[in-house]
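Predicted, not measured: the structure shown is a model, and the values here were computed from it. The sequence lines fix the lettering, A, B, ..., with proteins before strands; numbering per chain opens at 1. Only heavy atoms go into these numbers, but all of them, side chains included; no hydrogens, no water, no symmetry mates.
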Number of protein chains: 2
Amino acid sequence: MDKYSPITITLDQRSDAVTITQWVYSTLRRAVMLGQIPPGRALTIRELAALLDVSPMPIREALRQLSAEGALEIKGNRRVMVPDMTPVKFSELVDARIALEPAAAAKALPYINSERVALLRSLDARIDEAEAAGDAEAVTHWNQEFHRAIYTSNPHQVTLPLIESLWLQLAPFMRRSAESLDEYYQIDRHQEALEAILRNDPAALQLAIAADIRDGCAFAQTPAKLQKLLR
Amino acid sequence: MDKYSPITITLDQRSDAVTITQWVYSTLRRAVMLGQIPPGRALTIRELAALLDVSPMPIREALRQLSAEGALEIKGNRRVMVPDMTPVKFSELVDARIALEPAAAAKALPYINSERVALLRSLDARIDEAEAAGDAEAVTHWNQEFHRAIYTSNPHQVTLPLIESLWLQLAPFMRRSAESLDEYYQIDRHQEALEAILRNDPAALQLAIAADIRDGCAFAQTPAKLQKLLR
DNA sequence: ATCTTTCGATTGTGATCACAAATATGATGG
DNA sequence: CCATCATATTTGTGATCACAATCGAAAGAT
């Protein structure tokens, strides 16, 4: 049944509260973010339907949504796959993050109350735990939650979907890198961000966020290092 | 057959080269951008299927894709509609455009050759024609083509989908404004942009693009004026 | 041995149908 | 006259099927 290379997707319990399509969507989304689907590997509707044990219909819907979000790519021959990466593309995606995220943080700053700060602290603690445990996957996850918690403080937030699209495109290639945790001990930019928040200093917050993004992607900023990740 | 208020969608010839889903997608997309679908109006699959004379299936797929792109919104009760606008949201969307588009232009600059410049000139001419003819719809269209032609000069462009998502969200409310063309005679920022391109001056190009965006949305930058658009 | 060609298997697309949830409609009671 | 509830209709969801396009592998030619 495996077309080219076998793929393993972690599937969690399906709740009755959500539609099958929603469950398929979140399952495939996480599979993409965890790099469980090799870039370039052709995905077929029926194969995924069998893998997730659902009918082809919810798969079709989820694939179309993920493609619209940039997580997947529909080639001209109608084949769906995780888009492959180039050093230049990687760099452009990171630049787009830096164009959007610090600004989103600054716009959210006026809405961050002490309750939100407490949430941010606890998320930061989880990141430290994951780092100590050497769990690169968890580090990435809680890191995103930290950023999301900042941006969503702004009730008028409109750029989060765009930002998440960038995360989706970068994620499959981030994880492979994070596995080499050696050079991943970054300066704690989150601490800088928190201090900027407490000082109510938008400019410093923007700098901290930008630096955090750059640090998190620095492993791949030289073409040589990135090339290694793409096999 | 009309649920609440009747909607009229301009549908063009369906070619055999594209799938029905693609045709439905582009048809509905244009309907959204032209403001033919009132914000908040509930869209049903079967109604649209009857309207476009296709089966419900392609409608479902197109609606899901458009929702993922921010053109439509799926409410909790599963109803699909054009999201409604608030002054703050409008302002945030414009800010996001300014965060992305000038940067995209600057990154494209090195790739703009004389052939591209000729294309840009012709697009600019079409805008002038449309303005002279008082055709607000055409002005908006060619204006977008002008911007797109700049950004797509960069073969490694990754932000265009994000930018188009912002256009989709703003468009339904831009058109209603452009109808009052009185205050729409903007200084020719496109000429500034072209000169910056010829001078190979990224900073000036960024300023021109940002100013162009601001001018094009200035009509709604004061809450009072925007409120008028939202009825 | 390498490149074409051919043909069977697989795939995406689109239509149709069943069903449960949500909505609208009407009747009933205050 | 308005609010409440029961019923009937409509709606999204998901399954199944038919078909044309596409792909993959084996057979053929050079």
Between CG of A:L43 and C1' of D:dC23 the distance, given in whole Å, is 16 Å
Whole-Å distance, B:M81 CE to D:dG12 P, equals 12 Å
When B:M57 and A:V80 are each assigned the nearest nucleotide of DNA chain C, the 5'-most assignment goes to A:V80
For residues 119-126 of chain B, tabulate all N or O donor-acceptor pairs below 3.5 Å that involve a side-chain atom, not counting sequence neighbours.
{"unit_1": "B:S122", "atom_1": "OG", "unit_2": "B:L119", "atom_2": "O", "d": "2.8"}
{"unit_1": "B:D124", "atom_1": "OD1", "unit_2": "B:H190", "atom_2": "ND1", "d": "3.4"}

Rounded to whole Å, the CD-P distance (A:E61 to C:dG14) equals 13 Å
Side-chain atoms of B:P56 come closest, of C:dT16, C:dA15, D:dG12, to C:dT16
Using a cut-off of 4.0 Å on non-hydrogen atoms, how would the nucleic acid contact of A:L63 be classed: base, sugar-phosphate, or nothing?
-> nothing
When rounded to whole Å, the CD1 to C1' distance for the pair A:I74 and C:dG12 reads 10 Å
- prompt: Do the side-chain N and O atoms of B:T159 and A:E92 include a donor-acceptor pair separated by under 3.5 angstrom?
  reply: no
**A:S55 side chain near D:dG14 phosphate (N/O to OP1/OP2, under 4.0 Å)** = no
Rounded to whole Å, CD1 of A:I45 lies from C1' of C:dT13 at a distance of 8 Å
Distance col, row B:L48:CG vs B:I9:CD1, nearest 0.5 angstrom, shows 5.5 Å
Here the distance between atom C1' of D:dA15 and atom CZ of A:R46, to the nearest Å, is 13 Å
| message | Just to be sure I understand the rule, does B:I59 reach a base, reach only the sugar-phosphate, or reach nothing, if contact means heavy atoms closer than 4.0 Å? | response | nothing
Q: Check whether any side-chain heavy atom of B:R148 lies under 4.5 Å from a side-chain heavy atom of B:L160, and answer yes or no.
A: yes
Of the listed D:dC23, D:dT13, D:dA21, the closest approach to the A:R79 side chain comes from D:dC23
Whole-Å distance, A:L48 CG to C:dT11 P, equals 11 Å
Taken to the nearest whole Å, CD/B:E47 to P/D:dT11 is 8 Å
Expected list for residues 9-22 of chain B near DNA chain D, using heavy atoms below 4.0 Å, is none
Is it the case that the side chain of B:S153 and the backbone of B:Y111 share a donor-acceptor pair, with hydrogens and angles ignored and the cut-off at 3.5 Å? no
Does B:R60 make a side-chain donor-acceptor contact with the base of D:dG14, cut-off 3.5 Å?
yes
| Short side-chain donor-acceptor distance under 3.5 Å, A:Q169 and A:S165 | yes
Result for 5'-nearest mapping on DNA chain D, choosing between A:R78 and A:P58, is A:P58
Original post:
Do side-chain atoms of B:T86 reach the backbone of B:K89 as a donor and acceptor pair under 3.5 angstrom?
Top reply: yes
